Colleague: 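I am attaching a structure below and will ask some questions about it afterwards.
The structure displayed is predicted, hence computed values, not measured ones. First the proteins, then the strands, lettered A, B, ... as listed; each starts at 1.
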Amino acid sequence: MGLQFYNTLTQRLEPFSPLNGKTVRMYTCGPTVYHYVHIGNFRTFSFQDILRRTLLARGFQLEHVMNITDVEDKIIRNAVAQGKSLQEYTSEYTKAFLDDSALLRLERPERMVLATEHINEMVEAIQRLAAKSHTYESEGSIYFRIASFKDYGKLSHMNLSGNVAGARVDVDEYEKDDARDFVLWKAQKPGEPAWETPLGTGRPGWHIECSVMAMKYLGETIDIHTGGVDLVFPHHENEIAQSEALTGKPFARYWLHAEHLMVEGQKMSKSLGNFYTLRDLLGKGYAPESIRYLLTTTPYRKQLNFTLDGLKAAAASIERLRNFQYRLDNENFGEGLSEPLEARQEAASKKFNEGLDDDLNTAEAAAAVFEYIREANSAMDSGQFLAGNRPGAARLLASFDAIFDVLRPTASEGGMSDSEIEAAIAERQQARKSKQFAKADQIRNDLLAKGVILEDTREGVRWKRKQS
RNA sequence: GGCGCGGUAGCCAAGUGGUAAGGCAGAGGUCUGCAAAACCUUUAUUCACCGGUUCGAAUCCGGUCCGCGCCUCCA
């Protein structure tokens, strides 16, 4: 069957193949760094990470560019209010974004680019659009005239001829010929940071940055462009208009959009008090892996209902995976190879890959691994699991973790060191040997209170740090 | 009003014509000095509702109800 994606542009599932050989050129819309990025944003970025990893697992090379929007209305408003320069203001949140992304184990795109470092290219693009009569000026600002681009609306599939019924009247302070025209260059307003350019003193609109940076680094036609569903219109629609008006070539071949995340069944908002950043959740004691698991195991085109109960369930699911990994690594198995079990592993592996190939159906992929784990656990209990089955099982887990990346626990800060824990365990074992069970239980309870869980297995005492 | 996503067990969630994956929680059991740990088993005669097509539908068609998103630079 091969890899296929749902393309917003065609509203169909399509087999994926890049334009040039095995190299995939991908542009993903990154954050606007006016505040800490919230968990809903990370749903989209996590989807992009699963996409990256799946492409890599299929043997593609990636040229992935992600932008960071570091000039925008809210940024300017906040920076001015705090008496900071744009750069001073955004660097803090940019760093936070990168730190949070690392905690969530999001692979770094090959290139991350800042809007403010591409002002010249944007100016040049706007000049070229002007030369092709796609723009007009009004009160010092420059707008894109959507009537000049016949395909406008092809991504969002909205009928934009005539008035849009129910749409509110434009209240923008700038004068536009048509309410749906969008700004390419904004004239400076008093007190705002601005660039002096041949277009006048001002700053770029939002949409132009993505067109310019995508084409600069990836070429005029890129393979994949992604973002959240809210970007379909107008942002991505506008990107298409600008880019294709400029080049006359298709801008992106596959458009993938992640559905939104809900919190406890409701839209996340500050007024409802259900607005979470990653730091909020980490502060409540949840592990980054749990958050990553919850964000990635619901397929990206389905609205994700994010709940704290869901986080606990995610932590328990990860524990199940890790427990299996532990048994696989530590138990002794008989010599030989169980053919039926190996066939089960191969079937699970096939289902895992087919799930991912089917528009990144992560739920299906994960289910395949869990099914196998249940069978393998049973086989281990009954002695049917043999040493020869170990490599196959390990491969399945490794291919799972190459995508989901949740098996490795995040190192906890503070608390007892490994050697302290092991010393306490040795002491408890001594007590158990001499049947001082009260003392042994005391040690176990003390460790539990410090977040260390003990398990007495046939192969000895296993310990792990408590995760949530 | 237009465009789009969705309604499957207590919760999360696969499955798009052949008789309901998986995870969590709950219940029972195995192991254990004991155990909150681990492991196993079990949990939807039914897929929002009403019609229709079909030998057969959660899956296709028509209609209804409900949730959510976008339609002014929100992932």
Colleague: Can a donor-acceptor pair under 3.5 Å be found between the side-chain atoms of A:Lys186 and the base atoms of B:C73?
Modeller: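 A donor-acceptor contact between them is present.
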Colleague: Among B:A14, B:A75, B:A36, which nucleotide sits nearest the side chain of A:Leu448?
Modeller: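 So the side chain of A:Leu448 is nearest to B:A36.
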Colleague: Salt bridge check: are A:Arg432 and A:Asp441 linked by an N-O gap of less than 4.0 Å?
Modeller: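 Between A:Asp441 and A:Arg432 there is no salt bridge, as every charged N stays at least 4.0 Å from the carboxylate O atoms.
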Colleague: Does a salt bridge link A:Glu427 with A:Lys439, judged by any charged N lying under 4.0 Å from a carboxylate O?
Modeller: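 Judged by the 4.0 Å cut-off on N to carboxylate O distance, A:Glu427 and A:Lys439 do form a salt bridge.
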Colleague: Is there a donor N/O on one and an acceptor N/O on the other, under 3.5 Å, for the side chain of A:Asp441 and the base of B:G33?
Modeller: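 Looking at the base of B:G33, it does pair with a donor or acceptor on the side chain of A:Asp441 (distance under 3.5 Å).
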Colleague: Can you say whether a donor on the side chain of A:Asp230 sits under 3.5 Å from an acceptor on the base of B:C73, or the other way round?
Modeller: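 No such pair is found, so the answer is no.
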Colleague: Does the B:A35 base have a donor-acceptor partner in the side chain of A:Arg444 within less than 3.5 Å?
Modeller: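 Present.
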Colleague: Taking only residues two or more places apart in sequence, or in another chain, which ones meet A:Arg301 in a side-chain contact (heavy atoms from CB on, under 4.5 Å)?
Modeller: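 Partners of A:Arg301 by the side-chain contact (heavy atoms from CB on, under 4.5 Å) criterion, ordered by chain and then number, come out as A:Tyr6, A:Asp359.
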Colleague: Just by distance, no angles: are the side chains of A:Glu264 and A:Thr307 close enough, under 3.5 Å, to form a donor-acceptor pair?
Modeller: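 Note: A:Glu264 and A:Thr307 side chains miss the donor-acceptor criterion.
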Colleague: Would you indicate which nucleotide in B:C24, B:C12, B:C74 comes nearest to any side-chain atom of A:Lys267?
Modeller: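 Shortest atom-to-atom distance from the side chain points to B:C74.
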Colleague: Under 4.0 Å between a side-chain N or O of A:Arg374 and OP1 or OP2 of B:G22?
Modeller: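 Checking A:Arg374 against B:G22: at least one side-chain N or O falls below 4.0 Å of OP1 or OP2.
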Colleague: Between the base of B:A36 and the side chain of A:Asn445, is there a donor and acceptor pair under 3.5 angstrom?
Modeller: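 Per atom types, the contact qualifies.
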Colleague: Salt bridge between A:Arg180 and A:Glu237, side-chain N to carboxylate O under 4.0 Å?
Modeller: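 Salt bridge flag = no for A:Glu237 with A:Arg180.
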Colleague: In dot-bracket form, 5' to 3', how is RNA chain B paired? Count Watson-Crick and G-U wobble pairs only if both distances fall under 3.5 Å, and write | where the partner sits on another strand.
Modeller: ((((((((.[[[..)..(...]]].(((((.......))))).....[[[[[..)....]]]]])))))))....
Colleague: Tell me: CZ of A:Arg428 to P of B:C34, nearest whole Å?
Modeller: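 In whole Å, B:C34 P lies 13 Å from A:Arg428 CZ.
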Colleague: Which is true for A:His38 with a 4.0 Å heavy-atom rule: it touches a base, it touches only sugar-phosphate, or it touches nothing?
Modeller: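 It contacts base atoms.
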Colleague: Can you tell me which nucleotide in B:C40, B:G15, B:C73 comes closest to the side chain of A:Asn361?
Modeller: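 When the side chain of A:Asn361 is considered, B:G15 is the closest of B:C40, B:G15, B:C73.
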Colleague: Less than 4.0 Å between a side-chain N and a carboxylate O, is that true for A:Glu371 and A:Lys351?
Modeller: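 Here A:Lys351 pairs with A:Glu371 in a salt bridge, since their nearest N and O are under 4.0 Å apart.
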Colleague: Tell me if the side-chain of A:Gln303 makes a donor-acceptor pair with the base of B:C68, cut-off 3.5 Å, by modelled atom types.
Modeller: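 Answer is yes: a donor-acceptor pair is held.
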Colleague: Which of these nucleotides, B:U41, B:G67, B:G6, is closest to any side-chain atom of A:Lys302?
Modeller: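 Per side-chain heavy atoms of A:Lys302, the pick is B:G6.
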Colleague: State plainly whether the residues A:Arg12 and A:Glu14 are in salt-bridge range, i.e. N to O under 4.0 Å.
Modeller: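 No, this pair does not count.
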